[in-house]
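Structure, as structure tokens:
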There are 2 protein chains.
Amino acid sequence: MLRSMEQDLHATVAGHLRRYDQRYTNGRRALVEILAAAGRPVTIAEVLAGGAVPAQSTAYRNLSVLVQAGVVRKVFGGDDLTRFELAEELTEHHHHMVCVNCGSIEDFTVPNRLEQSLDKLFGQVSETTGFRPQGHRLDVIGTCGNCG
Amino acid sequence: MLRSMEQDLHATVAGHLRRYDQRYTNGRRALVEILAAAGRPVTIAEVLAGGAVPAQSTAYRNLSVLVQAGVVRKVFGGDDLTRFELAEELTEHHHHMVCVNCGSIEDFTVPNRLEQSLDKLFGQVSETTGFRPQGHRLDVIGTCGNCG
DNA sequence: AATTATAATAAGAACGATTCTCAAAGCAAG
DNA sequence: CTTGCTTTGAGAATCGTTCTTATTATAATT
């Protein structure tokens with residue numbers, strides 16, 4: 001079960017990369033596994049701390065490739081460090097709790113009812129303005145359990 | 001009318017700064033006026049482009065002071081540039097349309113009904129996790145009128 | 001007004017996260 | 001196994017941001 005989910009994940013990633021003429025190398029696979037295991041947005045420092053990704057420059061470059069391929073998403077917000085997470089296509093639509101004190105970010109989800117309200121609203125926004133919505137980002141700002 | 005609103009604005013800012021033993025200098029007043037006039041989050045480059053704020057280092061320092069005093073808020077999200085806007089106390093609770101293409105950010109507001117749903121939800125979040133919500137951030141991601 | 005103490009400014013140096021360069025290593029196809 | 005092309009890794013370069021420091025402005029006090 002766990003194994004088949006992982007197979008799906010890697011197959012999907014490989015497909016996305018192929019579409020961009022990019023190979024799914026061991027290094028890139030390691031990155032995807034780190035992000036999948038984390039379950040929350042991680043910094044470059046956290047990626048490197050595991051030891052599975054040896055070179056910082058490669059980590060940045062490959063994350064950038066994965067972002068372009070639509071597999072990974074950049075997350076800003078807590079502090080001045082960029083964080084990375086798997087794209088929602090590979091996880092689930094979710095949101096972030098951002099700690100104003102330490103900058104850490106955790107995931108959470110909201111009821112479908114509310115998500116639907118939001119989507120409806122954004123449809124209206126697109127009618128009013130020239131803006132074309134593709135998705136949304138809902139973060140709760142506050143202090144995390146460690147800092148509170 | 002416009003004039004009295006501006007007086008209120010500056011009086012409020014001055015009060016906040018005083019509480020932090022900070023002066024409301026001409027340079028800081030210029031910053032506040034730029035942010036108030038913009039009506040959307042602006043980058044340092046945009047702040048300097050006006051010419052009213054001569055030194056980049058001073059702009060950064062003063063914006064940082066204003067952030068600490070609770071007068072200004074940092075906004076991340078579009079590209080890798082930090083943007084600044086007046087704190088909600090001085091404007092109104094609002095949200096952002098973030099262009100994935102050019103990084104520009106525009107303001108918008110949502111119906112009270114929905115805001116209340118969000119606030120209720122975050123109360124529940126705080127009960128479930130150790131996280132203490134202070135506020136939220138709701139951004140629409142998409143392409144702006146210029147880029148779409 | 002002059003004095004003094006403290007805070008703010010401006011220019012550039014320093015810093016740090018991210019990106020770029022390029023030689024070496026890896027991989028796929030003939 | 002070559003040949004051609006991609007990826008890797010180490011470090012240099014870049015660029016947004018912060019820090020340092022000498023100078024200038026401000027406020028308070030005589």
Side-chain angles (χ1 to χ4, degrees), chain A residues 13-14 16-34 41-69 71-85 102-105, chain B residues 10 13-34 41-69 71-85 102-105:
Chain A
V13 172
H16 277 261
L17 285 175
R18 221 176 294 119
R19 239 164 277 142
Y20 284 80
D21 290 315
Q22 295 282 344
R23 298 177 188 163
Y24 196 23
T25 62
N26 289 336
R28 292 173 184 176
R29 189 179 300 260
L31 277 174
V32 167
E33 271 162 10
I34 289 170
V42 295
T43 62
I44 287 282
E46 288 169 332
V47 165
L48 296 176
V53 177
Q56 192 183 49
S57 57
T58 304
Y60 274 113
R61 178 162 26 74
N62 280 338
L63 283 169
S64 161
V65 166
L66 292 168
V67 166
Q68 286 194 326
V71 171
V72 167
R73 193 168 65 164
K74 278 191 178 190
V75 178
F76 308 97
D79 39 34
D80 297 347
L81 297 179
T82 304
R83 281 152 219 263
F84 299 87
E85 68 179 5
C102 71
S104 73
I105 301 184
Chain B
H10 289 305
V13 173
H16 277 260
L17 286 174
R18 220 176 295 119
R19 239 164 276 143
Y20 284 79
D21 290 315
Q22 295 283 343
R23 298 177 187 163
Y24 196 23
T25 62
N26 289 337
R28 292 173 184 178
R29 188 178 302 259
L31 277 174
V32 168
E33 272 162 10
I34 289 171
V42 295
T43 62
I44 287 283
E46 289 170 331
V47 165
L48 296 176
V53 177
Q56 193 183 48
S57 59
T58 305
Y60 274 112
R61 181 170 21 76
N62 279 339
L63 283 169
S64 160
V65 167
L66 292 168
V67 166
Q68 286 194 325
V71 171
V72 167
R73 191 168 69 163
K74 278 190 179 191
V75 178
F76 308 95
D79 41 33
D80 298 347
L81 297 179
T82 304
R83 282 152 219 265
F84 299 87
E85 67 179 5
C102 70
S104 72
I105 302 184

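Remember, it's a predicted structure, so these values are computed and weren't measured experimentally. The chains referred to below are lettered A, B, ... by the order of the sequence lines, with proteins before strands, and numbering in each begins at 1.
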Separation of atom [atom1] in [X] from atom [atom2] in [N], rounded to whole Å:
X     : N      : atom1 : atom2 : result
B/D79 : C/dT19 : CG    : C1'   : 16 Å
B/D80 : C/dG16 : CG    : C1'   : 14 Å
B/L81 : C/dT18 : CG    : P     : 13 Å
A/Q56 : C/dT21 : CD    : C1'   : 16 Å

Tell me every residue that passes side-chain contact (heavy atoms from CB on, under 4.5 Å) with A/Q68, counting only those two or more places apart in sequence or in another chain.
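Partners of A/Q68 under the side-chain contact (heavy atoms from CB on, under 4.5 Å) test: none.
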
Nucleotide interval of DNA chain D bounded by contacts with chain A (heavy-atom cut-off, under 4.0 Å):
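Both ends considered, the range comes out as D/dT6 to D/dG11.
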
So, using side-chain hydrogen bond (donor to acceptor under 3.5 Å, both in side chains) as the criterion, who are the partners of [X] when residues are at least two apart?
X     : result
A/Q22 : A/R28
B/T58 : B/R61
A/E33 : A/H10

From [atom1] ([X]) to [atom2] ([Y]), nearest 0.5 Å:
X      : Y     : atom1 : atom2 : answer
A/D79  : A/T43 : CG    : OG1   : 8.5 Å
B/T82  : A/F76 : OG1   : CZ    : 9.5 Å
B/S104 : B/L81 : OG    : CG    : 12.0 Å

Side-chain heavy-atom pair B/V53, B/N62 within 4.5 angstrom cut-off:
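SC-SC contact between B/V53 and B/N62 ruled out.
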
Indicate yes or no: at least one non-hydrogen side-chain atom of A/L31 is less than 4.5 angstrom from one of A/V72.
no

Ring of A/Y24, cation from A/R29 - is the NZ or CZ under 6.0 Å from the centre and inside 45° of the axis?
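Yes, cation above the ring, under 6.0 Å and within 45°.
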
Using a heavy-atom distance cut-off of less than 4.0 Å, which residues of residues 17-33 of chain A contact DNA chain C?
A/R23

Using a strict heavy-atom distance below 4.0 Å, which residues from residues 59-69 of chain B are in contact with DNA chain C?
B/R61, B/N62

How far does the helix from C/dA1-D/dT30 to C/dG30-D/dC1 bend, going by the axes of its first and last five pairs, to the nearest 10°?
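Rounded to the nearest 10 degrees, the bend comes out at 30°.
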
Sequence-distant partners of A/K74, salt bridge (charged side-chain N to carboxylate O under 4.0 Å, His left out), two or more places apart
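Here the qualifying residues are B/D80.
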
Going by the salt bridge (charged side-chain N to carboxylate O under 4.0 Å, His left out) test, which pairs reach into residues 50-60 of chain B, not counting sequence neighbours?
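Non-adjacent pairs meeting salt bridge (charged side-chain N to carboxylate O under 4.0 Å, His left out): zero.
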
Which atom names give the shortest non-hydrogen contact between B/V75 and B/I105, and what distance separates them?
CG1-CD1, 3.9 Å

